[in-house]
Amino acid sequence: MKVLAIFDSKNYDNTTSVFEKYNPRAIIMRDGKLAMQRSKNGIYKIPGGGREGEESFLDTLVREVSEETGLVVKASSVYELGEITEIRQDIFKETVKYICHSLFYFCEVEDEQRELNLTASEKEKGYYVEWASPQEIYDNNVALSNEPWIMRDTAFIKMIIDGEVVLPDK
């Protein structure tokens, strides 16, 4: 997958181990708007997350989208868009260097929407599904958050706005 950006905070000099993960993330567009997770604080997050066990990236993408949005991915529609890699000191363990590969995929979904199956953390943040334009998402997130994972998603949305990432015509 094409690497679109590497965000390296270079704040991990004193780390003694590395935790590396790969997180598929879904870009789902309908009528010019993206399906996003939105927190009760108003911050938008691209649906997706970590693999469980030996899951394939596709299986992870389908499961995460279902859990976080209730939407059902059409597996045959999945198309690679690119990767953003984040490198930093882990926010939970200061002795760990954290490397996260966010793998962005365009995908279409069925018309149906199921009940959300959120994690405790997602429930605490009050996430729900909202459709918003890329410009709305970008403007909102720039004003509200500087958390690394939101900055990553916001940077990817900006790449869509600027035409650096081109979504398939569907």
Side-chain angles (χ1 to χ4, degrees), residues 4-5 7 9 19-53 55-75 77-79 81-86 88 90-93 98-161 165 167:
L4 302 169
F7 299 137
S9 66
F19 177 65
E20 189 167 15
K21 64 190 275 188
Y22 293 81
N23 294 338
R25 302 195 182 282
I27 300 300
I28 303 163
M29 184 167 271
R30 186 181 289 156
D31 300 324
K33 295 188 175 191
L34 296 171
M36 301 289 289
Q37 281 190 291
R38 190 164 194 196
S39 72
K40 63 185 173 190
N41 296 332
I43 298 169
Y44 289 103
K45 181 179 160 301
I46 296 172
R51 294 167 65 193
E52 292 181 358
E55 268 183 333
S56 69
F57 292 146
L58 177 60
D59 288 343
T60 302
L61 185 74
V62 169
R63 177 184 50 76
E64 287 285 340
V65 167
S66 176
E67 291 173 356
E68 295 180 351
T69 69
L71 297 168
V72 179
V73 170
K74 295 179 184 179
S77 74
V78 175
Y79 175 85
L81 295 172
E83 173 184 337
I84 293 178
T85 303
E86 299 167 78
R88 65 176 179 271
D90 191 276
I91 60 172
F92 302 108
K93 295 180 181 176
Y98 176 77
I99 304 172
C100 180
H101 303 270
S102 288
L103 310 172
F104 293 91
Y105 296 90
F106 174 84
C107 52
E108 295 178 359
V109 293
E110 303 289 346
D111 290 333
E112 69 178 290
Q113 188 167 356
R114 301 174 180 167
E115 188 175 322
L116 304 185
N117 184 15
L118 302 176
T119 65
S121 170
E122 290 167 332
K123 287 177 185 174
E124 182 181 314
K125 291 177 181 170
Y127 278 117
Y128 59 95
V129 181
E130 184 170 308
W131 293 84
S133 74
Q135 193 65 55
E136 289 172 300
I137 296 162
Y138 177 79
D139 292 343
N140 183 79
N141 280 4
V142 166
L144 292 179
S145 182
N146 64 356
E147 296 177 48
W149 51 92
I150 300 303
M151 290 173 62
R152 171 209 58 226
D153 284 3
T154 305
F156 188 81
I157 296 297
K158 182 74 165 125
M159 290 176 193
I160 293 172
I161 293 167
V165 172
L167 303 182

Original post:
Distance only, no hydrogens: is a donor on one side chain within 3.5 Å (strictly under) of an acceptor on the other, for Ser121 and Glu124?
Top reply: no
Original post:
Can you check whether Tyr79 reaches Cys107 side chain to side chain, under 4.5 Å on heavy atoms?
Top reply: no
Can you give me every donor-acceptor pair (side chain of residues 57-65, partner residue at least two apart or in another chain, under 3.5 Å) with its distance?
from	atom 1	to	atom 2	distance (Å)
Asp59	OD2	Ser56	OG	3.3
Thr60	OG1	Glu55	OE1	2.8
Thr60	OG1	Ser56	O	3.0
Arg63	NE	Glu55	OE1	3.4
Arg63	NE	Glu55	OE2	2.7
Arg63	NH1	Glu52	OE2	3.3
Arg63	NH1	Glu67	OE1	3.3
Arg63	NH2	Gly50	O	2.8
Arg63	NH2	Glu55	OE1	2.8

Original post:
Does any non-hydrogen side-chain atom of Ile150 lie less than 4.5 Å from one of Lys45?
Top reply: yes
Subject >> Approximate separation, where rounding is to 0.5 Å, of Ile84 CD1 and Leu103 CG >> reply: 10.5 Å
Subject >> For the student: nearest non-hydrogen atoms of His101 and Ile99, plus distance >> reply: NE2-CG2, 3.6 Å
Subject >> Shortest non-hydrogen contact between Pro134 and Leu34, atoms and distance >> reply: CG-CD1, 4.1 Å
**OP:** Return yes when atom CD of Glu112 has more than 12 non-hydrogen atoms of other residues, nucleotides or ligands closer than 6.0 Å, and no otherwise.
**Re:** yes
Original post:
Hey, does Arg114 have a side-chain heavy atom less than 4.5 Å from the side chain of Val72?
Top reply: yes
Original post:
Considering all heavy atoms of both residues, which atom of Thr69 and which atom of Pro47 are nearest to each other, and what is their separation?
Top reply: CG2-CG, 3.7 Å
**OP:** Please name the pair of heavy atoms, one in Arg25 and one in Ser102, separated by the smallest distance, quoted to 0.1 Å.
**Re:** NE-OG, 3.0 Å
Original post:
Without hydrogens or angle criteria, can the side chains of Arg51 and Asn23 be said to hold a donor-acceptor pair below 3.5 Å?
Top reply: no
Original post:
Are side-chain heavy atoms of Ile137 and Thr154 found at a separation under 4.5 Å?
Top reply: no
**OP:** First locate atom NZ of Lys125, then atom NZ of Lys40, and finally report the distance between them rounded to the nearest 0.5 Å.
**Re:** 10.5 Å
Original post:
Do Asn41 and Leu144 come within less than 4.5 Å of each other through their side chains, counting heavy atoms only?
Top reply: no
Subject >> Interatomic spacing from CD in Glu68 to CD1 in Ile46 - rounded to 0.5 Å >> reply: 11.0 Å
Subject >> Nearest atoms (heavy-atom pairs only) where Pro24 meets Tyr22 >> reply: CD-O, 3.6 Å
Subject >> Derivation of the side chain to side chain contact (heavy atoms under 4.5 Å, CB included) call for Asn141 and Ile157 >> reply: CA-CA 10 Å; Asn141 280 4; Ile157 296 297; over 6 Å; no
Subject >> Nearest heavy-atom neighbours spanning Lys33 and Ser133 >> reply: CG-N, 4.0 Å
Original post:
Does CD belonging to Glu20 count more than 12 external heavy atoms closer than 6.0 Å?
Top reply: yes
Subject >> Residue pair Met159 / Leu81, side-chain heavy-atom distance below 4.5 Å >> reply: no
**OP:** Can you spot which of Tyr44, Phe106, Tyr138, Phe104 makes a ring pair (Phe, Tyr, Trp, His ring centres under 6.0 Å) with Phe156?
**Re:** Phe104
Original post:
How far does CD of Gln113 sit from CG of Asp111, to the nearest 0.5 angstrom?
Top reply: 11.0 Å
Subject >> Distance (rounded to the nearest 0.5 Å) between Met36 CE and Tyr127 OH >> reply: 9.5 Å
Original post:
What's the spacing between Glu130 CD and Ser39 OG if we round to 0.5 Å?
Top reply: 10.0 Å
Original post:
For Met29 and Leu167, what are the C-alpha separation, side-chain angles and deciding distance, and is it a side chain to side chain contact (heavy atoms under 4.5 Å, CB included)?
Top reply: CA-CA 9 Å; Met29 184 167 271; Leu167 303 182; 3.8 Å; yes
Original post:
Can you find a pair of side-chain heavy atoms, one from Glu108 and one from Ile28, that are under 4.5 Å apart?
Top reply: no
Subject >> Residue pair Gln135 / Asp139, side-chain donor-acceptor N/O under 3.5 Å >> reply: yes
**OP:** Step by step, work out the side chain to side chain contact (heavy atoms under 4.5 Å, CB included) result for Phe19 and Lys21.
**Re:** CA-CA 7 Å; Phe19 177 65; Lys21 64 190 275 188; 3.5 Å; yes
